[in-house]
Amino acid sequence: MNLTVWIVSGLLAAMFLLSGVMKVPATKESLAGNPRMGWAAPFPIELIKVIGAAEIAGAAGLILPRAFDTATWLVPAAAIGLVVVMAGAIITHARRTEWSSVAVNAVLLALALFVAIERF
């Protein structure tokens with residue numbers, strides 16, 4: 001089971017790292033030009049950057065504490081933080097009736113919850 005949790009953690013970390021790295025340096029104009037980021041239009045850019053930073057921190061928190069065998073309690077904490085981020089994403093996309101995005105975010109939420117439970 002440990003190998004499975006590592007694989008899921010690695011996949012989640014990669015997804016959230018890429019997503020966060022895209023959001024942190026973004027400008028309102030660059031987000032408006034990206035058709036997959038239409039959800040961001042009503043939100044202030046500062047909030048988008050905070051979400052991106054949370055995703056980057058969550059990605060690091062899924063891997064680094066366990067890899068270095070220090071403060072391993074941060075792994076389930078990071079996973080729970082990502083569950084909260086995905087819950088917000090599900091609500092946002094559901095309000096916009098973007099059902100394929102809701103499905104993707106629900107899968108990511110379930111995987112993060114799996115990691116949180118297994119690493120407690």
Side-chain angles (χ1 to χ4, degrees):
M1 182 60 83
N2 189 44
L3 179 62
T4 303
V5 179
W6 269 112
I7 291 169
V8 171
S9 296
L11 291 172
L12 282 174
M15 295 280 298
F16 283 110
L17 182 63
L18 291 173
S19 179
V21 165
M22 183 186 75
K23 290 179 182 103
V24 169
T27 63
K28 208 56 162 161
E29 296 76 32
S30 68
L31 293 177
N34 185 342
R36 300 211 65 214
M37 295 294 288
W39 63 268
F43 297 105
I45 192 65
E46 294 82 12
L47 178 59
I48 305 302
K49 291 178 182 284
V50 167
I51 293 168
E55 290 174 339
I56 293 169
L62 287 175
I63 302 297
L64 297 178
R66 194 82 176 181
F68 291 111
D69 198 30
T70 182
T72 55
W73 60 270
L74 286 172
V75 176
I80 290 169
L82 292 173
V83 165
V84 171
V85 170
M86 287 298 94
I90 289 169
I91 291 167
T92 300
H93 289 293
R95 287 181 178 168
R96 295 174 49 88
T97 65
E98 298 170 341
W99 303 118
S100 62
S101 294
V102 169
V104 169
N105 290 318
V107 169
L108 292 173
L109 183 148
L111 291 173
L113 187 59
F114 167 75
V115 171
I117 290 168
E118 289 298 318
R119 291 298 190 213
F120 261 121

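Just so we're clear, the structure is a prediction, and the values are computed from it rather than from any experiment. The basis for the numbers below is simple: all heavy atoms, side chains too, and nothing from hydrogens, waters or symmetry mates.
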Taking side chain as C-beta onward, heavy atoms only, is [X] less than 4.5 Å from [Y]?
| X | Y | result |
| --- | --- | --- |
| L31 | I45 | yes |
| F43 | V50 | no |
| L111 | V115 | no |

Heavy-atom closest pair, residues [X] and [Y]:
| X | Y | answer |
| --- | --- | --- |
| L62 | S9 | CD1-O, 4.0 Å |
| L74 | P65 | CB-CG, 3.7 Å |
| V102 | A94 | CG2-N, 3.5 Å |
| A79 | A112 | CB-O, 3.4 Å |
| A116 | P76 | O-CB, 3.8 Å |

Review point. Take atom CG in N2; do more than 12 heavy atoms of anything else shown fall under 6.0 Å from it?
Key: yes
Exercise for review: Mark yes when over 12 heavy atoms from residues, nucleotides or ligands other than M15 sit less than 6.0 Å from its CE; otherwise mark no.
Suggested key: no
Treating Ile, Leu, Val, Met, Phe, Trp and Tyr as nodes and any side-chain heavy-atom pair under 4.5 angstrom as an edge, say whether [X] and [Y] lie in one connected cluster.
| X | Y | result |
| --- | --- | --- |
| V8 | L11 | no |
| L18 | I51 | no |
| L113 | V85 | yes |
| F120 | W6 | no |
| I91 | V84 | no |

Revision key, fill the gap. Cluster membership besides V21, Ile/Leu/Val/Met/Phe/Trp/Tyr side chains within less than 4.5 angstrom, sorted by chain and number, is L17, V24, I56
Point to revise | Between CZ on residue F114 and CE on residue M1, distance to nearest 0.5 Å | key: 5.0 Å
Exercise for review: Any chance you could measure K28, atom NZ, to I48, atom CD1, to the nearest 0.5 Å?
Suggested key: 6.0 Å
Review point. Which residues pass the salt bridge (charged side-chain N to carboxylate O under 4.0 Å, His left out) test with R96, sequence neighbours left out?
Key: E98
Check your understanding: Of all residues at least two apart in sequence or in a different chain, which pass the side chain to side chain donor-acceptor pair (under 3.5 Å) check with E118?
Key -> none
Using a 3.5 Å distance criterion without hydrogens, assess whether the side chain of [X] forms a donor-acceptor pair with backbone atoms of [Y].
| X | Y | result |
| --- | --- | --- |
| T92 | G88 | yes |
| K23 | A53 | no |
| K49 | T27 | no |

